[in-house]
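Being a predicted model, the structure only gives us computed values, none of them experimental. Here is how names work: the chains are called A, B, and so on, in the same order as the sequence lines, proteins then strands, and each is numbered from 1.
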Protein chains: 2
Amino acid sequence: MSTVAIPRGTDTKERLLRAAEGIFGRHGYAGTTLRAVTAEAEVNLASANYHFGSKEALVMEMLRQRVAPINEERLRLLDEAKRKAEFGPIPLEDILEALIMPLGGAARGQDGTDLSFLQLVGRSFSEPAEFMRRVHDTFFRELAEVFMGEIRRSCPQATEADLWWNLHFAINAMLGSLSQCRRVEAMSNGICEAADLDGMLNRLVAFLANGFQANTPPSRTV
Amino acid sequence: MSTVAIPRGTDTKERLLRAAEGIFGRHGYAGTTLRAVTAEAEVNLASANYHFGSKEALVMEMLRQRVAPINEERLRLLDEAKRKAEFGPIPLEDILEALIMPLGGAARGQDGTDLSFLQLVGRSFSEPAEFMRRVHDTFFRELAEVFMGEIRRSCPQATEADLWWNLHFAINAMLGSLSQCRRVEAMSNGICEAADLDGMLNRLVAFLANGFQANTPPSRTV
DNA sequence: GTCTATAGAACGATAGAC
DNA sequence: GTCTATCGTTCTATAGAC
């Protein structure tokens, strides 16, 4: 059930955050109980409320600490790509790489690839809990604006609606495909391996870059 | 909070299924309580267990009744496209339309477009609950095999790994984008309208058809 | 089939000793 | 900061009257 045990010597607050990450990623917010978190963290039940005040605050803090560095890395890579393009339009592939690759980096811990982390990120986006959607929207909205600025410069022929729809499809394809990456193994009878993180991410970038070429389609009847 | 009231005269079992659909779509399995379902259905709390035996059985039955007709329609459209192509390779757009458009049809009830239904379908795929993933995999695996057969014939140049990865991306983009379609409105400041179901689905088909052109990408370092 | 009532377990949160 | 103990709530599920 548990993944890798949290090392001894880690203090209670940190143990709680790490345990919450695993449980929340596996069971979602409503399915996460403080009893399960404190058991996995091997700390007292009361310590969760002592350190964070509430279940909601614990999960929020966990999410914030995890998402913030990823977004920073995304902006760093985007900036790097901008300079590489000598401040002209950035190739679409490079923009998508800046968006996607930091997820791979964050999933690669010292104990090898941690696919459950991708599940965590995906779940945080599709959570039914209202407060979580609000926070995640806030996190993501700024980032989306910045990325959209570069995408717009790289696709001058597309309309605003084209661009936003395609970005919407790309974001959801990214989060869904990565968080559900175990399914592709079952579906393909093992032909595809989710553990090949680089292969997966490169394929995803290629798929989305192609998808982004789609513009307003002609009306279609089925 | 509630959507459209369930009409009078509907029998208890049906009322429960309809109410479960709304609540589950909005709050997920763990967040769905029989109290909320029976309250929305305006029936007695005990009736849920009387008619279905358990919360799990109720949600399963609701899902089964909803997903089965959609999959039938998908196969019907695929067959129609096959005949239209005179049993040669089907254009990729037509295959994707057969996969996607039935979701739009199912979301269009007599009371206009019901976007919460798309949320329900998306949620059923990303549910953390183990039993639900198992069932959904079963539902979907057969369908994926059939569709993959046609996709394979339409993309003879692609490797098996290419095809399965791209199908994986397409399925997740479809479910994620549709179930989270409200976000695109917020993100784009109203430029994109999720209520324009046809526009959304046509754009999605175009995006995914382009994405599918992507094959094994060259190794890439970031 | 539909109700009331409640069993029995799990939940988040907290009071208060150490 | 960490514990035990427990409060008050909510949950699924069921027993039993009608």
- prompt: Please give, in whole Å, the distance from C:dG16 C1' to A:Y50 OH?
  reply: 14 Å

query: Taking the side chain of B:T12 as heavy atoms from C-beta outward, which of C:dG12, C:dT2, C:dA15 is closest to it?
result: C:dT2

query: Within this structure, what is the CD-to-P distance between A:E14 and D:dG1, rounded to whole angstrom?
result: 14 Å

- prompt: How would you label the contact of B:S47 with the nucleic acid (heavy atoms, under 4.0 Å): base, sugar-phosphate, or nothing?
  reply: nothing

task: Look at atom CD of A:E142 and say whether more than 12 heavy atoms of other residues, nucleotides or ligands are closer to it than 6.0 Å.
output: no

- prompt: Counting N and O atoms only, with roles assigned by atom type, does the side chain of A:K55 sit under 3.5 Å from a partner on the main chain of A:Y29, one being a donor and the other an acceptor?
  reply: yes

- line: CG (A:L96) and CD (A:E150) are apart, to the nearest 0.5 Å, by 12.5 Å

task: May I ask you to verify if any side-chain N or O of A:N44 is less than 4.0 angstrom from the OP1 or OP2 atom of D:dG1?
output: no

Side chain of A:H51 (C-beta onward), nearest among D:dT2, C:dC3, C:dT2: D:dT2

query: Out of C:dA13, D:dT4, C:dT4, which nucleotide sits closest to the side chain of A:A46?
result: D:dT4

message: On the six-membered ring of B:F140, is A:R183 placed so that its NZ or CZ lies under 6.0 angstrom from the centre and within 45° of the ring axis?
response: no

task: When you get a sec, tell me which of D:dC11, C:dA15, C:dT4 is the closest nucleotide to the side chain of B:T33?
output: D:dC11

Upstream residue (5' side of DNA chain D) when B:L34 and A:R35 are each assigned their closest nucleotide: A:R35

statement: Side-chain atoms of A:L45 come closest, of C:dG1, C:dA13, D:dC11, to C:dA13

query: Contact class for A:T38 (heavy atom, under 4.0 Å): base, sugar-phosphate, or nothing?
result: nothing

message: Using whole Å, what does the distance between atom P of nucleotide D:dC7 and atom CG of A:N49 come to?
response: 17 Å

